[in-house]
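Notes follow the structure.
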Number of protein chains: 2
Amino acid sequence: MTKRSLPPLTALRAFEAFARLGRMTTAADELCVTHGAVSRQIRSLELSVGLPLTEGPRHRLKLTDAGERLAASLSGAFDRVERTLADLRSADAAELHLSCLGTFAMRWLIPRLGTFHDQHPGLRVRVTESFAPADFARERYDAAIRLTEHVPAHGGEAIAFLDNFHGPVAAPQLVNGRPGVKAFAGLPRLHTRPHLQAWAEWERHTGLSLPEAPQNREFEHLFYMLEAAVAGLGVGLSPFVYVAADIEAGRLAAPVGFVRTPAQFYLILPPGPAKPAAAAFRDWLLDEAGSVPVPS
Amino acid sequence: MTKRSLPPLTALRAFEAFARLGRMTTAADELCVTHGAVSRQIRSLELSVGLPLTEGPRHRLKLTDAGERLAASLSGAFDRVERTLADLRSADAAELHLSCLGTFAMRWLIPRLGTFHDQHPGLRVRVTESFAPADFARERYDAAIRLTEHVPAHGGEAIAFLDNFHGPVAAPQLVNGRPGVKAFAGLPRLHTRPHLQAWAEWERHTGLSLPEAPQNREFEHLFYMLEAAVAGLGVGLSPFVYVAADIEAGRLAAPVGFVRTPAQFYLILPPGPAKPAAAAFRDWLLDEAGSVPVPS
DNA sequence: TGTTCTTGTGACTTCACCTCACATGAGACG
DNA sequence: CGTCTCATGTGAGGTGAAGTCACAAGAACA
């Protein structure tokens, strides 16, 4: 690949505008400069190319043959770039890139996305799983969903769209209808590695404490832990929204109910004007969250 | 035709170089700037396009999908312009545009051009007829041929490549073998409108004067006057080189010979570096003129 | 002949772009 | 692990390319 040797590009742009519009004055208007600037640019281009590009008297300048050919080439080239940029922008506008807690995506978001797609058939939603604090400077998302107490100031919008409640859950056959914390007596305690302090927080929030567990099991993700709870491996602590469907379906039981946490589910938007797709998603999300049942 | 909306072109160029070369440092070298400049340009382009174009850690930056597509489009566009410019330049280099005295072209230059074409098969010579003083600012020629005493200073080269001799000529049957100026007694005098003082100059140069003419005839061009002389319409005054072939062939007679004029034939080159075709023409012309016979 | 329209151009000005120097962050290598 | 290197990010500040302004020039039209 050899080094490019192109004349000054601003001169090319000025010349292309002149060729397209026929007069320097008009071209200057389009470029938001004075006619003198265009005149100089074209002259410098002729010098740099080494060929005359214009000819004729001042008040009726025409292009030389070389000028015509260059202008045709430039128009095509600029058109091409312009079209590519428009394509990129519209492709981007038609896509919503969302950074989301993995479990929330699987247990809450994805099951409900159908109505969003119905409302916005042109929009594709791309969900990327992420637990780290949202950092729009490092990774470019159109929006992020996090469970947190406080969203660090980042210049953008942050909306708490859903309260969080958590509580212990286990397979119904293990609990066996016993009421209160005694329901969990003798059951192994399930933990998630990223949030090992979760049980302690719950005990602080409720003032309750579970019977001593005969065993503790750690899982890499909340999602795996919930699968384990459903499979009867012990008692897990989960946000309500992740298990609402399982409780409804009788796959999990929550004998002591759920308690609200200080943390909430936030929709976090990057700084600057939100793109239309993100705004649409925000509206849909708030509407959808508004109709979510709250635990007893 | 709608107004163009393109991002800053220098940013596009920087981005294209980066995309092509893979690293900002290398791109900066190609563009003869520092890496910082390229970094800033690419950042400003991302801002102006509204899309991220690069991603990944600093030391191993990659293009995003959007970046790849834009880069491909830009490469194509720049290639196209570059190729057009190269075509224009080579087409121009293969052509020699010569501004020449019409009669000189017809009577001297064109008959000899064959050997020039033999020596430079790739070069096309375009001859434009012109009598006005050479003015490269108004009209773009690669070279001009003029008959003059002094070439006005114009910043370029001017080479006297051929001395000029002039003298009266007429059809041989009119002259009828008589010697000296008496040969022309009773013949009409032929003039050219652009140079009505020619006869007076000749008389001054030679100290001779022709017998009173019964008639004067004016022609628009020297070329027409020579045709008239050959046709026997009278006695004309002509530079030697224009009639050498006619005298040789016996179509014209020059009973009093030719006298050198202060004016010479000049090859005049425009200011600035001569293009190769013009240099080749100059060399050929000097060589060709060196072997021209001088009148007695 | 004067008026208007358009481009060319000398003199001056300014801000876009560049450079410099340092910071940052990720590998690589003892 | 600490340090070295390599590539890019960035704040501060300098400068020349490119623009502005005002006037000149040249052609057309009334």
Side-chain angles (χ1 to χ4, degrees), chain A residues 5-49 52-64 67 71 132-133 135-140 155 271, chain B residues 4 6-49 52-64 67 71 132 135-140 154-155 271:
Chain A
S5 68
L6 286 170
L9 300 187
T10 49
L12 290 179
R13 174 165 50 190
F15 174 72
E16 193 273 343
F18 166 69
R20 181 157 36 86
L21 299 168
R23 285 182 312 160
M24 290 197 186
T25 310
T26 320
D29 284 349
E30 174 175 313
L31 299 171
C32 301
V33 295
T34 59
H35 74 88
V38 174
S39 174
R40 286 175 198 284
Q41 290 288 2
I42 292 180
R43 203 115 337 270
S44 94
L45 181 61
E46 290 185 330
L47 203 72
S48 139
V49 171
L53 301 171
T54 60
E55 64 186 355
R58 289 181 183 198
H59 71 297
R60 182 153 300 193
L61 268 183
K62 281 188 354 182
L63 297 179
T64 60
D135 180 355
F136 296 106
R138 295 184 64 88
E139 297 186 277
R140 318 276 192 139
Chain B
R4 288 207 182 283
L6 285 170
L9 300 186
T10 49
L12 290 180
R13 174 164 51 189
F15 174 72
E16 193 274 343
F18 165 70
R20 179 158 37 83
L21 300 167
R23 285 182 312 159
M24 291 198 185
T25 310
T26 320
D29 284 350
E30 174 176 311
L31 299 171
C32 301
V33 294
T34 59
H35 74 87
V38 175
S39 174
R40 287 174 197 284
Q41 290 288 359
I42 291 179
R43 205 116 331 271
S44 93
L45 181 61
E46 290 185 330
L47 203 72
S48 138
V49 171
L53 301 171
T54 60
E55 62 186 355
R58 288 181 182 197
H59 71 297
R60 183 152 298 191
L61 269 185
K62 281 187 358 182
L63 298 181
T64 59
D135 179 357
F136 296 105
R138 294 185 65 87
E139 297 187 278
R140 318 276 193 139
H154 66 295

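Please read all numbers here as calculations on a predicted model, not as lab measurements. Order of the sequence lines sets the chain letters (A, B, ...), proteins ahead of strands, with each chain counted from 1.
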Nearest nucleotide by nearest heavy atom, which residue falls closer to the 5' end of DNA chain D, R58(A) or S44(A)? S44(A)
Could you tell me how far apart [X] ([atom1]) and [N] ([atom2]) are, to the nearest whole angstrom?
X      : N       : atom1 : atom2 : value
E55(A) : dT7(C)  : CD    : P     : 15 Å
L21(B) : dT8(D)  : CG    : P     : 11 Å
L61(B) : dT24(C) : CG    : C1'   : 13 Å
L9(B)  : dC17(C) : CG    : C1'   : 14 Å
R43(B) : dG11(D) : CZ    : P     : 12 Å
R60(B) : dA7(D)  : CZ    : C1'   : 11 Å
I42(A) : dT7(C)  : CD1   : P     : 9 Å
F15(A) : dA18(D) : CZ    : C1'   : 19 Å

Can you tell me if T26(A) and R23(A) form a side-chain donor-acceptor pair at under 3.5 Å? yes
Check this one for me: any side-chain N or O of S39(B) less than 4.0 Å away from OP1 or OP2 of dG9(D)? yes
With a cut-off of less than 4.0 Å, is there a side-chain N or O of Q41(B) near OP1 or OP2 of dA16(C)? no
Considering all heavy atoms of both residues, which atom of [X] and which atom of [Y] are nearest to each other, and what is their separation?
X      : Y      : result
Q41(A) : A14(A) : CB-CB, 3.7 Å
P52(B) : T64(B) : O-OG1, 2.9 Å
L12(B) : P7(B)  : CD2-CG, 3.9 Å

Looking at the side chain of F18(B), which of dC17(C), dT8(D), dT20(D) is the nearest nucleotide? dT8(D)
For dG11(D), does the base pair up with any side-chain atom of R40(B) as donor and acceptor (N or O, under 3.5 Å, distance only)? yes
Does V38(A) reach the side chain of F15(A), with side-chain heavy atoms less than 4.5 Å apart? no
Side-chain contact, heavy-atom cut-off 4.5 Å: L61(A) with M24(A)? yes
Is E16(A) paired with R13(A) through a side-chain N to carboxylate O contact shorter than 4.0 Å? no
Mind running a 4.0 Å heavy-atom check of residues 24-33 of chain B against DNA chain D and sending the residues that fall below it, in number order? M24(B), T25(B)
H35(B) ring over dT8(D) six-membered base ring, under 5.5 Å and 30°: yes
Closest nucleotide of DNA chain C for H59(A) versus for G36(A): which of these residues is on the 5' side? H59(A)
